[in-house]
Amino acid sequence: MTEYTISLQAYAKAVLHCAKYPWATVHGLFLAEKKDGKVRMVDAIPLAHNWTQLSPMFDVALQQAQVYAKTKGWSIGGYYVAYEDTESTQLSASGALLARAVSASNEGVVAFVIDAKKLSPGSTQPGLVPYLSVDSQWKEQSAAFSGEKAKGGAATFVLENNRVLASTLKLVAERADIGIHDFDEHLDDVTLDWLQNKPLSERIRTA
């Protein structure tokens, strides 16, 4: 059974990416550190808010993210998406294709749909709905973050500590999302740091 831990850095960046473009579908990647059957999502790389299909741009971004992850001793551990329709927590057909493309060259990838309904102040549940690949299909893990095994007993999901939700909501309230840049933005201005988002990473560390 695999235990997946979501760090503040990974969770906050994914949520801030969503918060920056509330009118759009956004997606990105989680970077993972794997050891002794445990997977820790240590960071997130925001990909796009303009395109949500398989494309040459997606391939280029994925390749660059993989190269960056290797320099850190990490791998691509997850794919996340937040839909324009904030009521949707189902992994769409296009989302499933993108997640499959990520998993083709990265073992054990988890797909996450961001649940915007759980990102409001006072929420006590993470705004992430994980999907595991089971028999070549993405299956929602209904017991995720509940302390119970995911469906089939294949995995558990936890946040790294009890500060993750409160710190992320604080960052959203402070409009820290202004400081996150995705690959889309990098294509328009190559000076923007989309792989590391260093200033934002430091702000998250001290949140």
Side-chain angles (χ1 to χ4, degrees), residues 2 4 6-7 9-34 39-85 88-114 128-140 177 179-198 200-201:
T2 303
Y4 295 90
I6 315 298
S7 71
Q9 197 73 228
Y11 185 79
K13 280 185 181 175
V15 170
L16 290 171
H17 190 202
C18 173
K20 187 172 185 177
Y21 299 103
W23 62 85
T25 293
V26 305
H27 58 180
L29 303 168
F30 284 131
L31 303 185
E33 188 176 56
K34 300 179 179 180
V39 179
R40 184 172 183 266
M41 303 298 182
V42 293
D43 207 349
I45 296 179
L47 293 182
H49 61 277
N50 285 328
W51 44 271
T52 56
Q53 306 291 331
L54 279 173
S55 67
M57 287 187 294
F58 179 83
D59 292 337
V60 170
L62 178 58
Q63 290 171 10
Q64 292 188 28
Q66 288 176 150
V67 170
Y68 168 70
K70 286 181 180 179
T71 67
K72 296 287 191 177
W74 303 335
S75 61
I76 307 297
Y79 164 82
Y80 73 81
V81 60
Y83 293 110
E84 178 182 358
D85 177 5
S88 178
T89 59
Q90 294 296 311
L91 187 65
S92 68
S94 61
L97 284 174
L98 291 168
R100 187 66 60 198
V102 175
S103 65
S105 54
N106 299 277
E107 185 179 356
V109 166
V110 181
F112 294 88
V113 177
I114 295 178
L128 291 175
V129 180
Y131 287 75
L132 293 177
S133 181
V134 180
D135 297 329
S136 299
Q137 293 188 359
W138 293 101
K139 302 291 187 181
E140 180 180 345
D177 58 284
I180 195 166
H181 304 295
D182 60 19
F183 185 64
D184 269 348
E185 292 177 274
H186 175 77
L187 292 176
D188 292 330
D189 181 352
V190 296
T191 66
L192 295 177
D193 171 24
W194 67 284
L195 285 169
Q196 299 183 67
N197 277 286
K198 284 184 177 179
L200 179 61
S201 295

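Residue numbers count from 1 along this sequence.
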Show me the donor-acceptor pairs within less than 3.5 Å that the side chains of residues 56-77 make with the rest of the protein, sequence neighbours left out.
| unit_1 | atom_1 | unit_2 | atom_2 | d |
| --- | --- | --- | --- | --- |
| Q66 | OE1 | S105 | OG | 2.8 |
| Q66 | OE1 | N106 | ND2 | 2.7 |
| T71 | OG1 | Y68 | O | 2.5 |

Worksheet, complete the sentence: Sequence neighbours excluded, the answer for side-chain hydrogen bond (donor to acceptor under 3.5 Å, both in side chains) partners of D188 is none
Worksheet, complete the sentence: A82 meets the side-chain contact (heavy atoms from CB on, under 4.5 Å) criterion, sequence neighbours left out, with C18, V26, I114
Worksheet item: Backbone N or O of N197 within a donor-acceptor pair of the D193 side chain at under 3.5 Å?
Response: yes
Worksheet entry | Residues forming a salt bridge (Lys or Arg N to Asp or Glu O under 4.0 Å) with D43, sequence neighbours excluded | K13
Discussion item. List the residues meeting ring-ring contact (aromatic ring centres under 6.0 Å, His included) with F183, not counting sequence neighbours, and say none if there are none.
Written reply: W194
Response to the item:
Those residues at least two apart in sequence (or on a different chain) that pass side-chain hydrogen bond (donor to acceptor under 3.5 Å, both in side chains) with S136 are none
Worksheet item: For Y83 and V113, what are the C-alpha separation, side-chain angles and deciding distance, and is it a side-chain contact (heavy atoms from CB on, under 4.5 Å)?
Response: CA-CA 8 Å; Y83 293 110; V113 177; 3.9 Å; yes
Practice prompt. Identify, with sequence neighbours excluded, every residue that meets salt bridge (Lys or Arg N to Asp or Glu O under 4.0 Å) alongside D184.
Written response: none
Practice prompt. Answer yes if the ring centres of F112 and Y79 are under 6.0 angstrom apart, and no otherwise.
Written response: no
Item to complete: Apply salt bridge (Lys or Arg N to Asp or Glu O under 4.0 Å) to E185 and list each qualifying residue two or more places apart in sequence or on a separate chain.
Response: K20
Discussion item. If only side-chain N and O atoms count, and only distance matters, is there a donor-acceptor pair under 3.5 Å linking H17 with D182?
Written reply: yes
Fill in: By side-chain hydrogen bond (donor to acceptor under 3.5 Å, both in side chains) - contacts of Q90 (at least two apart)
E140
Fill in: With sequence neighbours excluded, residues passing side-chain hydrogen bond (donor to acceptor under 3.5 Å, both in side chains) with H186
none
Discussion item. List the residues meeting ring-ring contact (aromatic ring centres under 6.0 Å, His included) with Y4, not counting sequence neighbours, and say none if there are none.
Written reply: F157
Response to the item:
Sorted by chain and residue number, the ring-ring contact (aromatic ring centres under 6.0 Å, His included) partners of H49 (sequence neighbours excluded) come out as Y21
Worksheet item: So do V102 and R100 actually touch side chain to side chain, heavy atoms under 4.5 Å?
Response: no
